[in-house]
Structures are given as C-alpha cells and as structure tokens.
Amino acid sequence: MRLRYIVVTILFLLSIALSTKALGQVNSSMEHIYDRLSQMPSKTLIDRAENFLSTGDKADSALLCLTIVVHRYKSTMPTDEKIDIIGAYNGIWFIMFFTYFDYAKSFDALMKALEIAQDINYNQAQMYLNFGCFYQTLAEECKDDKLMRKAYSSYRKAFREGLKQGNSDELLNSFGNLTIVSARFHDLTNISSDWRLFQSTIQKHPKPLYLYTCYLYKGMLAKEKKQYDEALFWFRKQADITDDKDRIYIRNRIMMFLNIGEVLFLQHKYADAAAAVANGLRISRLLDIKDCKLQCYELMADYYAKAGNPSAAQQYKNQYYQLKDTLLNFRPKGDCPWRADAAA
C-alpha cells in the first residue's frame, strides 16, 4: 500500500513538473507572438484583425492585434494615427459585443472611439451606428422603450453624418436600422424626409443593397398601414437579392425571414409565421449568431403558442431562456445595466 502511495505521489509530482514546464513553454510562445505583433505597424495589425474575424473563429487573435493598437494612443500623435486608433476601438467594440457579449467593455470602447473622433473632427457615422446597435439590442432584451429611443436617435445621427460623408455602407446601414426602429414605434411617417434624402443617394450604392433597403422601407410602411399582402410582396422580393451563404450580409437574410414571419402572424397564419422564422433560426444556428438565435427562439415560442402547439412553444421558450441566461453571464448584474440617459 505504501509503495503504491509513493508511486502515485511521484507520478503526481512529475505531472506538476511537466505541466509547469508546458505552461512555461506556452507563456514563452505567447510572449514571442506578442513581441512579434508589437513590431508591426498599426494598419497591418488592423488588417490582420479583419482577416482573423473573417474566418469566424479567431476573435481572440483579432482582439490581441487591436489591443496592441489602442495601447499606442497618445494625445500628441498625428491625426492619421489617431484614425487607426478609432478603427481599432470600433473593432474591439464589435468583438466584445458580438462574440463575448461583454457589454461594459464594448460600451467603453465605443466611448473612447467617439471621444477621439470628436477631438479630431473625424467622421462619427460609424460610432453612432454602433451606439444604435448597442442600444437597440439592449432595448429588445430589456423591453425598454427609452433605450429604443436612444437607438433611434443614434441611427438618425449616423444617417445625417453619412449624408455629409457620402459613404454607402454608413448610409445603407443607418437608414435601414432607422427604418426598423421607427417601425417599432409605428412612426415611419416621421422619417419620410429621411426616406426622400436616402432615395437621392441612389448613385452611391451597389444596386442590390440599395434595393434591399428600399424594399425594407416599403414593406415596413405597408405593414404599418396594415396592408399585409403588399408588405409580404416587398419582403419576399428581398429573397432574390440575399443569399444564405453570404456571411457579410447574412443578418439581412435572417431579418427578411423574421419580417415575413411577423406579417404572417398579423394575418393570423401562425404556423406559417413559425415556419418563416425557422428559416432564420436555421441560418443563425449554422453560423452561431447568438443574438439572432435568441430572437428566433422568442418569436417561435409565441407563434407556436398561437398556432395551438404548446409542446413546440415550450421547447422554444426553454431554449430562449437557456440562451438568454448564458448571455447574461457575460454582463454586469442587474436587469438592464445601461441607463437611457447615458452618453451618445
């Protein structure tokens, strides 16, 4: 018995020694990687981060590159280098928000990007877009209309800034999101002037993306007027200009299915509505887009309940709460950690 104890003890101590050696090798390797990255120009690091993110599974490597960039910030550095810092902070916001669901750190990154942009009078459209996304997501999860108003304000600022800059991505994203939030308040007539301004920018955009955004506005407006068949007509036209395999604009594809489902629900076609959302859920699961999965689970629970299928409704309700609890673990405690009177 004592011999066995000694052997086990020796093996245990040996495993500790080997683990310590392995950990030392890992630390040494990490230090080598950090030192190598630290020698690279900021623009190169930002490009590498974008490449890491495009693969969909290297957010930690992208975050390392961007963190090195922002730690270089000095108030006396040239403007072009400060612009790189802004880009890096926007990247950190994206990673912390969509990958790690750390809303505190994502908000902090946004505020720092905005402060630098305001200091050098740099284009702030992207920052306001990000703020809009931030507030809209929290508003939906916390069921908070005041936060949704903050999202509306941020998207409108982004759109007006985008008009000044003439940037297609900023104009498309800001007007599209402004349309969605306005529809939540049944107040699309309030952005009719923005709609006319958006139409005047037709020459600045790739045709498919411009058409998608136009169909979105027309569909939402028809839904608001309770012209449901017309709304379905416009939303279904988006199917021809979106694709399940296009990762860049995949959220547009998912949103199309959710909008179709909502209109079918309003027509009391509850099973059809659930089937439409199921298409969005299929894509969300395939690409593990957690916030979209959460929204799909919630809608499908409601739609199946209305369709008289309580077992399916309970299944999706359980999945909704399981995922929501998982996401909440990444955030500060409290029902909703962000006040509606916060900055931006």
Side-chain angles (χ1 to χ4, degrees), residues 125-126 128-133 135-137 139-140 145 148-243 246 248-267 273 276-277 279-280 283 292 295 299:
Q126 187 61 54
Y128 285 123
L129 265 172
N130 294 346
F131 274 116
C133 179
Y135 285 123
Q136 182 183 355
T137 302
E140 289 170 347
D145 282 349
M148 192 64 82
R149 290 288 180 189
K150 291 287 290 183
Y152 173 89
S153 176
S154 297
Y155 286 139
R156 201 159 202 179
K157 288 178 183 177
F159 181 63
R160 296 303 169 119
E161 184 75 13
L163 287 171
K164 295 177 187 176
Q165 305 297 330
N167 181 283
S168 175
D169 285 342
E170 292 167 354
L171 286 167
L172 290 165
N173 290 329
S174 58
F175 184 76
N177 284 298
L178 183 61
T179 296
I180 293 168
V181 173
S182 296
R184 298 288 174 88
F185 293 115
H186 307 286
D187 196 21
L188 281 166
T189 55
N190 196 43
I191 64 167
S192 57
S193 60
D194 301 280
W195 166 238
R196 289 191 292 272
L197 288 170
F198 177 73
Q199 287 178 294
S200 71
T201 67
I202 183 173
Q203 300 300 327
K204 299 181 182 297
H205 312 295
K207 186 177 179 180
L209 295 177
Y210 175 78
L211 288 176
Y212 178 95
T213 308
C214 289
Y215 297 159
L216 175 66
Y217 176 82
K218 292 178 179 180
M220 290 293 191
L221 187 61
K223 185 185 70 173
E224 188 170 290
K225 294 178 179 179
K226 299 184 179 180
Q227 298 169 349
Y228 299 136
D229 287 338
E230 182 179 347
L232 285 174
F233 170 79
W234 291 116
F235 291 144
R236 284 169 173 160
K237 280 180 72 70
Q238 293 176 317
D240 297 331
I241 48 179
T242 56
D243 191 298
D246 187 351
I248 297 177
Y249 299 106
I250 199 63
R251 287 174 180 270
N252 292 7
R253 181 78 169 176
I254 295 170
M255 182 171 61
M256 176 197 72
F257 287 122
L258 269 55
N259 287 334
I260 290 172
E262 185 179 1
V263 176
L264 291 169
F265 177 82
L266 292 170
Q267 291 181 316
V277 176
N279 285 317
I283 301 170
C292 291
Q295 190 174 5
L299 290 173

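All values reported here derive from a predicted model rather than from experimental measurement.
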From OG1 (T179) to CG (L221), nearest 0.5 Å: 9.5 Å
Parallel, tilted or perpendicular: ring planes of Y135 versus F131, cut at 30 and 60 degrees: parallel
Heavy-atom check, side chain of E140 versus side chain of R184, under 4.5 Å: yes
Interatomic distance, K223 atom NZ to F235 atom CZ [nearest 0.5 angstrom]: 5.5 Å
P208 versus I241, closest heavy-atom pair with distance: O-CD1, 3.4 Å
Check: E224 side chain, L188 main-chain N or O, donor-acceptor pair, under 3.5 Å: yes
Side chains of D240 and Y215, donor plus acceptor under 3.5 Å: no
Heavy-atom side-chain contact between Q238 and N252 under 4.5 Å: no
Closest non-hydrogen atom pair between Y128 and K157, with its separation: CE2-CD, 3.7 Å
Inter-residue atom distance N259.CG - M220.CE, 0.5 Å rounding: 4.0 Å
Nearest heavy atoms of G166 and K204, plus distance in Å: O-CD, 3.8 Å
Shortest non-hydrogen contact between A151 and G132, atoms and distance: CB-O, 3.5 Å
Whether T137 side chain and C133 backbone form a donor-acceptor pair below 3.5 Å: yes
Between CZ on residue R149 and CG on residue D145, distance to nearest 0.5 Å: 7.5 Å
Parallel, tilted or perpendicular: rings of Y210 and H205 (30°, 60°): parallel
Q295 vs I254 side-chain heavy atoms within contact, under 4.5 Å: no
Note, V277 side chain near F257 side chain (heavy atom, < 4.5 Å): no
Flag side-chain contact, heavy atom, 4.5 Å: F198 against L172: yes
Residues that K218 engages under salt bridge (Lys or Arg N to Asp or Glu O under 4.0 Å), provided they are two or more places apart: none
Min side-chain heavy-atom separation Q267-L232 under 4.5 Å: yes
Closest non-hydrogen atom pair between L266 and Y228, with its separation: CD1-CE2, 3.7 Å
Backbone N/O of A239 and side chain of R253: donor-acceptor pair under 3.5 Å: yes
S168 OG to I202 CD1 distance, which is reported to the nearest 0.5 Å: 11.5 Å
Flag side-chain contact, heavy atom, 4.5 Å: R156 against S153: no
Any donor-acceptor pair under 3.5 Å from S200 side chain to L197 backbone: yes
N-O pairing of D194 and R160 below 4.0 Å: yes
Aromatic plane relationship, W195 with Y217 - under 30° parallel, 30 to 60° tilted, over 60° perpendicular: parallel
